[in-house]
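The structure appears below as structure tokens.
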Number of protein chains: 2
Amino acid sequence: MDVKQTQKTADFLKALGEFNRLSLVYELCRCESSQNAMCLCDCCSVDSSVVSRHLKVLAERDIVAFDKVGRERTYRLNRNEVATQLRELADVIENSNCNGGNHGV
Amino acid sequence: MDVKQTQKTADFLKALGEFNRLSLVYELCRCESSQNAMCLCDCCSVDSSVVSRHLKVLAERDIVAFDKVGRERTYRLNRNEVATQLRELADVIENSNCNGGNHGV
DNA sequence: TGCATAATTGCACAACTATGCAATTATATC
DNA sequence: GATATAATTGCATAGTTGTGCAATTATGCA
């Protein structure tokens, strides 16, 4: 596995692997429409500045995307991209080995 | 989403989301048979004590399992369990929302 | 019993991270 | 322009994490 790709995958998982960030992801999960940051604050009991920073981390990893609407920013989950990345990792872990695919259950 | 479950999932992702630990996982991925810790040291250029600690973290999250063989410990990847957890998360992220399943592509 | 090897643990430390508060920026409305 | 609100940024801080080295434990073998 390529070092750069490994680092990228690790960063992706690390971004998801923090309680408040994962809570934000779940919160965005529950709502079909975009949510602004203030609204998202309610789901985790931390300062709005903290939420802002967490959303920034999630955006950097392409886990969420945002649009500017007036003075608000509305965030939405990149559902397909995130799900695809997780599934690809699952496939690698389940299927790749020296003998090429069979993991001997 | 239940707080305890969220924390557990976050811990799982955090365990995977570190470069050297993910490298160990990939290394175990490549090999069908169990590997001892010394062997695994080769895949990441850190002290054996560090590898030992990383493997402990991975074992705590049930990402790897080990057997004692003489004075060695041989580690193997819990392929199915890890893959299943990742896929379940992918499913939640892709499908769950207020309107019950459709995520409006 | 003595020695060698595998692995873990104690300790110290540097780097990173999450957090809250205050200040700042950006934008809408009056 | 003045004011209010949404969001971000600077700063300080406490807590966590990854790391290496040395010591220790555990096991196998002569």
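So that the names make sense, note that chain A is the first sequence line, chain B the second, and so on, each numbered from 1.
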ILVMFWY clustering at 4.5 Å (side-chain atoms), partners of A:Val69
none
Can you tell me how far P of C:dT27 sits from CG of A:Asn36, to the nearest Å?
16 Å
Take nucleotides 13-24 of chain D nucleotide by nucleotide from the 5' end and write B, S or -, depending on whether a protein heavy atom sits under 4.0 Å from the base, only from the sugar-phosphate, or from neither.
-----SBBB---
Rounded to the Å, how far apart are B:Leu40 CG and C:dA7 C1'?
12 Å
In whole angstroms, the gap separating P of C:dT9 from CZ of B:Arg73 amounts to 8 Å
Over how many whole Å does the gap from A:Glu72 atom CD to D:dT8 atom C1' extend?
15 Å
With no hydrogens and no angle check, just 3.5 Å: does a side-chain donor-acceptor pair link A:Gln5 and A:Thr9?
yes
Salt bridge (charged side-chain N to carboxylate O under 4.0 Å, His left out) partners of A:Asp62, counting only residues at least two apart
none
Whole angstrom value for the distance that separates P of C:dT8 from CD of B:Glu60:
12 Å
Tell me, which pairs form a side chain to side chain donor-acceptor pair (under 3.5 Å) where one or both residues lie in residues 14-25 of chain A, sequence neighbours left out?
A:Arg21-A:His54
Set of salt bridge (charged side-chain N to carboxylate O under 4.0 Å, His left out) partners for A:Arg71, sequence neighbours left out:
none
Going by chain and number, the hydrophobic cluster around B:Phe19 (ILVMFWY, side chain to side chain under 4.5 Å) further includes A:Val3
Nearest whole angstrom, please: distance from the P of C:dT19 to the CG of A:Leu55.
12 Å
Below 3.5 Å between N/O atoms, which protein atoms pair up with nucleotides 25-30 of chain D? Just atom names and distances, please.
none

Whole angstroms only, please: what is the NZ-P distance between A:Lys56 and C:dT25?
16 Å
Who pairs with B:Glu27 by salt bridge (charged side-chain N to carboxylate O under 4.0 Å, His left out), at least two apart in sequence or on another chain?
B:Arg30
Restricting to non-hydrogen atoms, name the atom on A:Ala37 and the atom on A:Leu55 that form the minimum distance, rounded to 0.1 Å.
CB-CD1, 4.0 Å
Would you mind classifying the nucleic acid contact of A:Tyr75 as base, sugar-phosphate or nothing, using non-hydrogen atoms under 4.0 angstrom?
sugar-phosphate
Applying salt bridge (charged side-chain N to carboxylate O under 4.0 Å, His left out), name anything that partners B:Asp91, two or more places apart in sequence or on another chain.
A:Arg87
